[in-house]
Trainee: 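Sharing a structure, written as structure tokens. Questions coming.
Lettering follows sequence order; numbering is per chain, from 1.
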Number of protein chains: 2
Amino acid sequence: MLQASADIDTSETLTERQKAVLDAALRLLVEEGDHLTMTAVARRASCSKETLYKWFGDRDGLLTATVQWQASKVRVAPVDRKGLDLASLTASLERFASDWLKVISSDTSIALNRVAVGHAGPVKRKDGKDDLGAIVLENGRFALARRLKPVLEAGRQAGLLQFSDAEAAFRTFFGLVARDVQIRLLLGDRLELTDAAIGGDAARATQQFLALHGAKTGPQGL
Amino acid sequence: MLQASADIDTSETLTERQKAVLDAALRLLVEEGDHLTMTAVARRASCSKETLYKWFGDRDGLLTATVQWQASKVRVAPVDRKGLDLASLTASLERFASDWLKVISSDTSIALNRVAVGHAGPVKRKDGKDDLGAIVLENGRFALARRLKPVLEAGRQAGLLQFSDAEAAFRTFFGLVARDVQIRLLLGDRLELTDAAIGGDAARATQQFLALHGAKTGPQGL
DNA sequence: ACAGAACCGTAACGTACGGTACGCTTTGGC
DNA sequence: GCCAAAGCGTACCGTACGTTACGGTTCTGT
């Protein structure tokens, strides 16, 4: 159990073949959940189990590599910070909301979050082994915060937003956008999220956020 | 695999002994997560595995019974619908928020949600077997909605609240209260929630909700 | 008091799966 | 063209655990 963990710098030390294998694992994860077996991955990827072990160390290593691989594919472009007015700020927020809803309702995200949650239990983490929960959190909720906060700050600088704590403001936005969607999906609730519904939710969440933290007409939340 | 499933009417067909066994299973679930083994439950509960199988059918039956047993213990008293003014409505909402935050941050809830999420995957549900995710959802998020909506409706009747769709209003409240807390906890993020912090969050969420849906001074959300 | 049911503790069985070993084929450098 | 490295496919091993079986003990009804 060694080489595959470039730990901090996520990926790109991966062969094309290795990426293909991880894609196979990812597909299998979506189809079968944590039920995923080494033999199944090997068969699906048309590689030998020995190779899997040589590349990823053990089952956990494969899972970790898979999650990181998917994470590395998600990197979205940062928002352009041009002339900021209410319209563009609103558009940006709606964009974030809509993107986030699409992510958390995707099969892949659901599958990944499921395994990560399953592995986050009070199990004895061997050494300081990077656990899946932390990775998912880092590339999900925290990555979103890192990308959104600058926008919020810019909005405040431009006198469009009002808040004392960017983190708190972000969490409010997060709550308004996600609401009960993620937990319901993770618990297996069928929840049809059409593009139209997502667009509507994004707009609603954005309006609510502006109502709470907008500079004009704003009642001071918190 | 048969008798233990009273399916719709949750519990109370349970022996004291059986409740004790389920409590043991519950404790073990909190300690070990889904790693839970039949042998471990039998040993912890000082009963034989044969008895476990006779009572609960199989491992899934035991898990289901455990989740239902815990759910049956949570039943909270409905709020008194006396003279409703802004103060008492605010107090009720804060109470709900605070209770909910306490629930979702409790070890028991986290453990239960973890197993339920783990079992909610694309696994072939045998027959129409009640799955854990549905049970948790039903006794968690949906139970909360059932208890909160009458309060919201009463608030609207009293002219204190303003909304067109009680379900949507509930979900907004839910989002403002829970934000990223549950997913972070499920993913293993250490997140200290002191009573003070919970109280503060409950008050903040309530104020934000009132800002969005309060009748006076209210900017129209949605 | 006694028969039978319920139950405890433990041993035994079967299987699924993580991990390893090995023989054969392909590939890339010389 | 040759050889070693990399990789495929498969067989194999050990173990953990769900499930069943069974002998002994306690409880219950008559």
Trainee: Check side-chain contact (heavy atoms from CB on, under 4.5 Å) between A:E50 and all other residues, then give those that pass, not counting sequence neighbours.
Mentor: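 Only A:S48 meet the side-chain contact (heavy atoms from CB on, under 4.5 Å) criterion with A:E50.
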
Trainee: Quick one: salt bridge (Lys or Arg N to Asp or Glu O under 4.0 Å) partners of B:R43, sequence neighbours excluded?
Mentor: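 Applying salt bridge (Lys or Arg N to Asp or Glu O under 4.0 Å) to B:R43 gives none.
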
Trainee: Where does the chain A footprint on DNA chain C start and end, counting 5' to 3' with a 4.0 Å heavy-atom cut-off?
Mentor: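 Listed 5' to 3', the contact boundaries are C:dC17 to C:dC22.
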
Trainee: Would you kindly give the CD-to-C1' distance between B:E32 and D:dA16, to the nearest whole Å?
Mentor: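 Between C1' of D:dA16 and CD of B:E32: 14 Å.
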
Trainee: I'd like to check the salt bridge (Lys or Arg N to Asp or Glu O under 4.0 Å) partners of A:E94; sequence neighbours left out, ordered by chain and number.
Mentor: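 Not a single residue meets the salt bridge (Lys or Arg N to Asp or Glu O under 4.0 Å) criterion with A:E94.
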
Trainee: Nearest-Å distance, CZ (B:F56) to C1' (D:dG18)?
Mentor: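 Taking atom C1' of D:dG18 as the reference, CZ of B:F56 is at 16 Å.
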
Trainee: A:A111: which residues meet the side-chain contact (heavy atoms from CB on, under 4.5 Å) condition with it, sequence neighbours left out?
Mentor: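 side-chain contact (heavy atoms from CB on, under 4.5 Å) list for A:A111, sorted by chain: A:V30.
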
Trainee: Could you list the residues that satisfy salt bridge (Lys or Arg N to Asp or Glu O under 4.0 Å) with A:R171, not counting sequence neighbours?
Mentor: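 Partners of A:R171 under the salt bridge (Lys or Arg N to Asp or Glu O under 4.0 Å) test: B:D180.
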
Trainee: What is the bend of the helix from C:dA1-D:dT30 to C:dC30-D:dG1 when you compare the axis at one end with the axis at the other, using five pairs each and rounding to 10°?
Mentor: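 Computed from the C1' atoms at both ends, the axes differ by 20°.
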
Trainee: Does the pair A:R114/A:D107 count as a salt bridge with the N-to-O cut at 4.0 Å?
Mentor: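 So A:R114 does not pair with A:D107 through a salt bridge.
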
Trainee: Between P on D:dC17 and CG on B:D60, what's the gap in Å once rounded to a whole number?
Mentor: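 Between P of D:dC17 and CG of B:D60: 16 Å.
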
Trainee: Could you state the CH2-P distance from B:W55 to D:dT20, rounded to the nearest angstrom?
Mentor: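 Those two atoms, CH2 and P, are 17 Å apart.
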
Trainee: Whole Å only: how far is the CG atom of B:L52 from the P atom of D:dG18?
Mentor: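 Spelled out: CG on B:L52 to P on D:dG18 is 11 Å.
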
Trainee: What does the list of N/O pairs under 3.5 Å between the protein and nucleotides 22-29 of chain D look like, with a distance for each?
Mentor:
residue, atom, partner, partner atom, Å
D:dC22, N4, B:E50, OE1, 2.3

Trainee: Not counting sequence neighbours, list each pair that qualifies as a salt bridge (charged side-chain N to carboxylate O under 4.0 Å, His left out) and has a residue in residues 185-200 of chain B.
Mentor: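 Residue pairs passing salt bridge (charged side-chain N to carboxylate O under 4.0 Å, His left out), neighbours aside: B:R184-B:D189.
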
Trainee: Within the 4.0 Å heavy-atom criterion, would you say B:R43 contacts the bases, only the backbone, or no part of the nucleic acid?
Mentor: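 If one applies the 4.0 Å heavy-atom cut-off, B:R43 turns out to touch nothing in the nucleic acid.
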
Trainee: Go through the side-chain N and O atoms of A:T172 and B:Q208 and say whether any donor and acceptor fall under 3.5 Å apart.
Mentor: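 Per modelled atom types, A:T172 and B:Q208 side chains form a pair under 3.5 Å.
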
Trainee: Output side-chain donor-acceptor pairs under 3.5 Å for residues 20-29 of chain A, partner residues at least two apart or in another chain, one line each.
Mentor:
residue, atom, partner, partner atom, Å
A:D23, OD1, A:W69, NE1, 2.9
A:D23, OD1, A:K73, NZ, 3.1

Trainee: Between D:dG7, D:dC17, D:dT20, spot the one nearest the side chain of B:T37, thanks.
Mentor: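 Ranking D:dG7, D:dC17, D:dT20 by closest atom to the B:T37 side chain puts D:dC17 first.
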
Trainee: Which comes earlier along DNA chain D counting from the 5' end, the contact point of B:M38 or that of A:S48, where each point is its nearest nucleotide?
Mentor: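 Its nucleotide being nearer the 5' end, the pick is A:S48.
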
Trainee: Which part of the nucleic acid, if any, lies within reach of A:L62 when heavy atoms closer than 4.0 Å are counted: base, sugar-phosphate only, or nothing?
Mentor: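 If one applies the 4.0 Å heavy-atom cut-off, A:L62 turns out to touch nothing in the nucleic acid.
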
Trainee: Restricting to side-chain hydrogen bond (donor to acceptor under 3.5 Å, both in side chains), what partner residues turn up for B:S109, sequence neighbours left out?
Mentor: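 Once residues adjacent in sequence are excluded, the partners of B:S109 under the side-chain hydrogen bond (donor to acceptor under 3.5 Å, both in side chains) criterion are B:N113.
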
Trainee: Mind checking if A:L36 touches a base, just sugar-phosphate, or nothing, with heavy atoms under 4.0 Å?
Mentor: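 Sugar-phosphate contact only.
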
Trainee: Does A:R59 or B:S46 map to a spot on DNA chain C nearer the 5' end, using the closest nucleotide for each?
Mentor: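 It is B:S46, whose closest nucleotide lies nearer the 5' terminus.
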
Trainee: For B:R146, which residues count as a salt bridge (Lys or Arg N to Asp or Glu O under 4.0 Å) partner, sequence neighbours excluded?
Mentor: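 Listed in chain order: B:E138.
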
